[in-house]
Protein chains: 2
Amino acid sequence: MKEGKHISLKDLACELGISISTVSRALKDSPEISGEVRLRVKALAKEWNYRPNPFAMSLLKNTPRIIGILIPDIVTHFYSSIITGIDNIARQNGYSVIITSSYDSYKAEIQCIEDLVNVRVEGIIACLSQETTDYLHFTSLEDLNIPLVFFDRICLPDVFSSVIADNIESARLATLHLLNTGSKRVAFIGGANHIEIVRQRKHGYLQALREYRIPIDKDLVFCKYMGYSEGYEGACKLLSLSNPPDAILAMTDSIAFGAMKAIKEHRLRIPDDISLIGYTDEMHSNYVDPPLTAITHQTHKMGQTVCHLLLKQIKKREKPQQIIIPTYLAVRESSVKNNQRVPPTKNTI
Amino acid sequence: MKEGKHISLKDLACELGISISTVSRALKDSPEISGEVRLRVKALAKEWNYRPNPFAMSLLKNTPRIIGILIPDIVTHFYSSIITGIDNIARQNGYSVIITSSYDSYKAEIQCIEDLVNVRVEGIIACLSQETTDYLHFTSLEDLNIPLVFFDRICLPDVFSSVIADNIESARLATLHLLNTGSKRVAFIGGANHIEIVRQRKHGYLQALREYRIPIDKDLVFCKYMGYSEGYEGACKLLSLSNPPDAILAMTDSIAFGAMKAIKEHRLRIPDDISLIGYTDEMHSNYVDPPLTAITHQTHKMGQTVCHLLLKQIKKREKPQQIIIPTYLAVRESSVKNNQRVPPTKNTI
DNA sequence: TTGAAAGCGTTACCAA
DNA sequence: TTGGTAACGCTTTCAA
């Protein structure tokens with residue numbers, strides 16, 4: 001039984017007194033093997049619990065069937081949910097998944113890519129760190145012939161395929177929703193300007209203001225970093241303006257929660273004094289006080305879609321394409337001023 | 001340059017007109033190599049971007065430097081946070097990590113273990129699915145000589161090492177806290193009884209009641225499944241009792257959030273009508289209304305500790321040990337009845 | 001129908 | 001100081 005060590009074809013061949021090649025063929029139902037041998041081989045393989053050695057296989061074929069994921073972190077629900085979607089599709093297609101986290105550090109991101117290349121992943125799915133402004137570590141993957149697909153925080157759309165949310169439109173609709181439900185001065189809290197999703201969402205926000213013929217007030221836009229503390233900081237700054245906003249569109253869930261804290265500390269009521277909308281898909285939006293209106297991502301679908309896109313690229317390199325996954329606005333209490341109640345959408349939970 | 005394909009030692013050797021062994025030695029600073037050759041080899045390796053093929057290595061050494069993780073899911077903050085801890089330590093020690101999710105299904109769990117074995121992980125870190133009552137798929141790992149370490153939801157502590165929280169004590173202290181802050185009838189919502197942490201936490205809960213000389217009322221214990229809906233269901237049932245509780249100790253965060261929903265639907269005030277404590281370490285506990293008092297796990301430390309434990313077992317099989325990671329009670333608003341205000345602990349954020 | 005041998009990329013041992 | 005060779009587990013010619 002060879003306890004401990006793994007069983008190899010050689011072990012089986014020895015025991016049965018036949019050659020390794022015969023065993024190999026018998027196991028894969030090669031037509032040129034006698035039924036009797038096949039049965040004996042299979043029986044023993046089963047009894048001894050034989051499993052092909054994946055490293056020998058990878059060495060031989062140079063296709064380890066592993067895809068690499070690079071994300072900012074795994075604890076943010078948005079990312080872990082997308083990973084779940086990726087993982088499902090990968091498994092269905094016989095791939096394993098290996099996850100690396102940049103923790104939003106440019107330096108760590110480079111190391112992650114290096115690690116993934118070193119384990120010879122067949123392809124990579126990535127979401128940029130907030131710090132990243134240089135893409136050399138990604139473009140150099142082309143020389144190694146490792147396909148790369150981005151999601152959410154993307155770059156170089158002419159070079160790499162990507163999956164994103166309908167950022168412009170979602171921000172536009174969210175802003176319009178605020179303006180339609182009693183808010184007059186809508187502020188925007190985002191992240192650093194070099195990040196594509198920041199620009200897109202701000203774009204949608206500004207477009208809505210334009211549609212409403214509201215002059216743009218630069219003081220109402222706070223863009224620094226996407227994080228809880230910056231949400232808090234941004235809201236504090238906005239609230240201390242001589243002419244403060246009566247609504248905030250926060251670009252991420254953590255920003256929204258930070259802003260919420262600031263608003264409560266200022267003893268303002270949500271939504272009557274300040275309306276608030278977040279970008280999130282977390283069920284926690286439902287539990288906060290008041291329940292948070294939020295642009296909701298179809299994270300699972302996003303994950304599945306990126307993975308499909310990558311698998312396609314692995315099979316056959318194609319020119320880059322971009323897929324947009326629609327979001328929807330889950331209207332809860334934080335956005336509708338009380339003299340403006342509208343019936344909740346069916347997405348409200 | 002060999003675009004596309006990976007560079008091998010052979011490629012370097014060919015180009016330099018020396019043998020493969022020499023290249024191999026030069027690259028790893030073998031003392032028995034002339035400085036001149038070493039330099040030339042290293043220069044070319046760098047220029048051509050040579051990376052050792054990990055599969056050849058794994059094949060040779062039979063130590064792929066991969067550890068497998070089996071968890072119920074990745075989106076629950078508790079698990080993703082633990083994974084982060086595991087991952088940090090694993091990387092520090094040159095290991096990669098591969099994650100599989102059982103989605104709390106026994107059948108899927110068996111498949112996950114099978115997958116991990118097939119990729120030849122050197123060891124496995126696992127947290128049981130809620131459905132699991134049979135451990136054959138784990139004990140059979142012993143025959144394969146693959147070390148296994150559990151965390152949180154564990155089994156067979158005499159066979160496998162494990163890392164757990166101080167479940168009995170934490171539940172005891174939480175219950176005492178409720179009784180000390182105005183609650184008279186404390187209920188417990190847990191999961192299925194075959195799960196060790198359920199039994200332990202219930203044990204701590206009952207012990208606290210005994211210390212307070214409060215007779216045990218079976219109606220106040222609801223144990224079915226650890227999930228949001230069951231938290232809701234349990235709370236509904238408890239609240240409809242002829243003699244309902246005035247406090248609930250929920251065994252997980254999702255149970256607590258479900259219970260919170262039920263309580264609000266019953267138009268009861270937290271904590272004045274019903275106090276509520278959850279088991280969680282999420283920052284979201286701070287955002288809910290009211291902020292949730294919760295037993296807080298040191299998830300990162302738990303992850304690091306399991307990983308260390310596993311690495312030790314990989315290096316040298318040792319007899320199983322159990323490590324207990326202390327929790328602390330973060331007292332917030334949901335547990336202290338208003339006529340009983342105590343100063344918040346320093347853990348309150 | 002079966003077996004022998006080469007090859008995938010690397011290391012380690014033995015010769016030179 | 002170097003080179004040749006065997007070995008890791010498997011597949012795939014090529015021969016028998």
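Order of the sequence lines fixes the chain letters, A, B, ..., with proteins taken first and strands second; residue numbering starts at 1 for each chain.
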#### Entry: Whole-Å distance separating the CG atom of B:Asp11 from the P atom of C:dG9
7 Å
### Query
Can a donor-acceptor pair be found between the side chains of B:Ser102 and B:Ser105 at a distance below 3.5 Å?
no
### Message
Under 4.0 Å, heavy atoms only, any strand: does A:Ser21 hit a base, just the sugar-phosphate, or nothing?
### Response
base
### Message
Between B:Ser19 and D:dG3, is there a contact of a side-chain N or O with OP1 or OP2 at under 4.0 Å?
### Response
yes
### Task
Return yes if the base of C:dG9 and the side-chain atoms of B:Arg51 contain a donor-acceptor N/O pair under 3.5 Å, otherwise no.
no
## Note on the structure
Atom NZ of A:Lys10 and atom P of D:dT11 are separated, to the nearest Å, by 15 Å
### Query
OP1, OP2 of C:dT11 versus side-chain N and O of B:Lys28: anything below 4.0 Å?
yes
### Task
Round to the nearest Å and state the distance from B:Ile7 atom CD1 to C:dT10 atom P.
10 Å
### Task
Taking all heavy atoms of A:Ala90 and all of A:Ile67, pick out the closest pair and write down the distance.
CB-CD1, 4.0 Å
### 5' priority, DNA chain D, between B:Val23 and B:Leu60 [closest heavy atom]
B:Val23
### Task
In whole angstrom, give the distance that lies between atom NZ of B:Lys61 and atom P of D:dA7.
17 Å
### Message
Can you see if the side chain of B:Ser24 gets near the phosphate of C:dT11 - specifically, an N or O under 4.0 Å from OP1 or OP2?
### Response
yes
### Task
Measure from CD1 on B:Ile20 to P on C:dT11 and round the result to the nearest Å.
11 Å
### Message
Just the rounded figure in Å: distance from P of D:dT11 to CG of A:Asn62.
### Response
16 Å
### Query
Does any donor-acceptor pair link the side chain of A:Arg25 with the base of C:dG3 at a separation under 3.5 Å?
yes
## Note on the structure
Of all heavy-atom pairs linking A:Asp29 and A:Arg38, the shortest is OD1-CD, 3.3 Å
### Task
Among the candidates D:dT2, C:dG3, D:dT11, find the nucleotide nearest to the side-chain atoms of A:Thr22.
C:dG3
### Task
Tell me which nucleotide among C:dT11, C:dT2, D:dC10 gets nearest to the side chain of A:Ile33.
C:dT2
### Message
Tell me the interatomic distance from B:Leu12, atom CG, to C:dG9, atom P, rounded to whole angstroms.
### Response
12 Å
### Summary
Rounded to whole Å, the CG-P distance (A:Asn118 to C:dT10) equals 12 Å
### Query
Are B:Ser21 and B:Ser24 linked by a side-chain donor-acceptor pair shorter than 3.5 Å?
no
### Message
Please tell me whether B:Tyr106 and B:His137 form a close aromatic pair, meaning their ring centres lie under 6.0 Å apart.
### Response
yes
